[in-house]
Structure formats: C-alpha cells, structure tokens
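Since this is a predicted model, take the numbers as computed values, not measurements. Index from 1, following the sequence.
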Amino acid sequence: MENYATLSLETHLFFARIMKEHGLFMEAGFPCKEKKWIERAEEFRGQFEELLRDTVQISDGRVNREVLNSGELVTEFTIPAENRTENLSGVVIDSNISRQTQKLQSLCEEKEDRDIIRAINSLNRRSVQLLNDFITFKENILTEVSRGRLFQVNYPLLIQHILREAKLYRATAEAY
C-alpha cells in the first residue's frame with residue numbers, strides 16, 4: 001500500500017501540474033469571441049489546480065526525495081515564470097501551489113493509515129473522471145480546428161501532443 005500511495009501522489013504532483021498548464025494554453029489560445037470555449041478551458045484549469053492543491057496537501061512526507069529534487073515538479077524558475085505568464089496573459093495562476101510544493105519533505109518511515117489511502121483513492125478516481133472530460137474537450141477542439149470551424153493559436157500538432165499526455169496520465173491513474 002505504501003508504494004501505491006507514493007506512486008499515486010508522485011504521478012499527480014507531476015501530471016496535474018501539466019494538465020493545469022494545458023488548461024492555461026487552451027484558455028489563452030482562443031480569440032475573445034469564443035467565450036464558451038474560454039470558460040470551459042478555465043474550468044478545467046481550475047479543476048486541475050484544485051486536484052494539484054489537494055495532492056500537495058497530503059504529499060508531505062509521502063514522496064521520494066529523488067522526485068522532489070528532480071526539477072520535474074518545481075524549480076527556482078517556476079514561480080517567476082508563473083508570475084510573468086499571469087502578467088502577460090491575464091490568466092490568474094495560483095503560485096501558492098508551487099510554493100507549497102517547494103516545501104514538501106521527502107518520504108518518512110510512517111505507515112500509511114486508512115484515511116490517507118482513502119484520500120489517495122479519491123484523488124485517483126477524481127483524476128480519471130476529470131481526464132475523461134478533458135480528453136473529450138481536447139478532441140473536440142482538435143476536430144473543430146481541423147474542420148476550420150474554430151480558431152486556436154495552439155497548432156493542431158500541439159493539441160495532439162497535449163491530448164496524448166492527458167491519455168498517458170489517465171492510463172497511469174487507472175493502473176493504480
């Protein structure tokens with residue numbers, strides 16, 4: 001169970017941040033007239049921020065030092081980049097999540113209790129449900145852009161790439 005908990009948390013720390021960023025790319029990439037598409041992308045970004053925030057809250061002392069020190073979660077450039085992106089795009093980014101991630105401590109010898117396992121099970125279920133909807137959203141964008149019915153500054157190849165990443169995250173979360 002401890003391996004399950006650690007692997008699940010490390011997966012969400014990594015991929016939920018990426019999905020949050022995908023929501024930002026999509027949100028900022030629509031023309032102003034596409035209010036419904038912008039709002040939907042913003043909803044996804046917010047939901048992945050919430051998933052990431054919840055993951056960070058229960059990850060302290062439950063993830064490997066190598067992951068925390070890898071630069072895969074946050075680096076010294078993360079918060080300045082978030083601030084600059086927020087200033088340039090107008091999209092609000094919760095940098096407190098990155099600050100809290102920077103403060104995480106590595107795995108300690110404590111046994112996982114049932115409450116933590118339940119919380120991790122919930123994170124895994126939430127992520128799969130959210131990813132199912134996000135994948136459909138990305139597929140719809142790709143279809144509409146490919147048919148010339150929707151403009152997005154993100155090229156179709158980028159949309160295909162971020163769609164593959166969402167499917168990989170979903171497959172990983174389903175495996176747990």
Student check: side-chain heavy atoms of Leu52 and His12 closer than 4.5 Å: no
Side chain to side chain, Lys167 and Leu131, heavy atoms closer than 4.5 Å: no
Qualifying residues under side-chain contact (heavy atoms from CB on, under 4.5 Å), relative to Leu168, sequence neighbours excluded: Phe15, Thr172
Side-chain touch Ser106/Asn64, heavy atoms, less than 4.5 angstrom: no
Residue pair Arg99, Glu82: steps toward the salt bridge (charged side-chain N to carboxylate O under 4.0 Å, His left out) verdict: CA-CA 11 Å; Arg99 285 184 196 87; Glu82 288 174 343; over 6 Å; no
Results of side chain to side chain donor-acceptor pair (under 3.5 Å) for Asn121 - residues two or more places apart only: Tyr4
Smallest separation among heavy atoms of Leu13 and Ser59, with atom names: CD1-OG, 3.8 Å
No-hydrogen, no-angle side-chain donor-acceptor test under 3.5 Å, Arg17 and Ser98: yes
Ala119 versus Ile58, closest heavy-atom pair with distance: CB-CD1, 4.0 Å
Sequence-distant partners of Glu86, side chain to side chain donor-acceptor pair (under 3.5 Å), two or more places apart: none
Pairwise side-chain contact, Val63 with Leu107, heavy-atom cut-off 4.5 Å (strictly under): no
Residue pair Thr55 / Leu9: nearest heavy atoms and the distance that separates them: CG2-O, 3.7 Å
Backbone N/O of Thr75 and side chain of Thr78: donor-acceptor pair under 3.5 Å: yes
By side chain to side chain donor-acceptor pair (under 3.5 Å) - contacts of Gln100 (at least two apart): none
List the atom pairs, donor and acceptor, that lie under 3.5 Å between side-chain atoms in residues 20-41 and the rest of the protein, sequence neighbours left out.
residue : atom : partner : partner atom : Å
His22   : ND1  : Lys138  : NZ           : 2.8
His22   : NE2  : Glu165  : OE1          : 2.8
Glu27   : OE1  : Arg45   : NE           : 2.7
Glu27   : OE1  : Arg45   : NH2          : 3.4
Arg40   : NH1  : Glu43   : OE1          : 2.7

Qualifying ring-ring contact (aromatic ring centres under 6.0 Å, His included) pairs, either residue in residues 139-166, two or more places apart: none
is_close_aromatic(Tyr169, Phe14), centroid dist under 6.0 Å: no
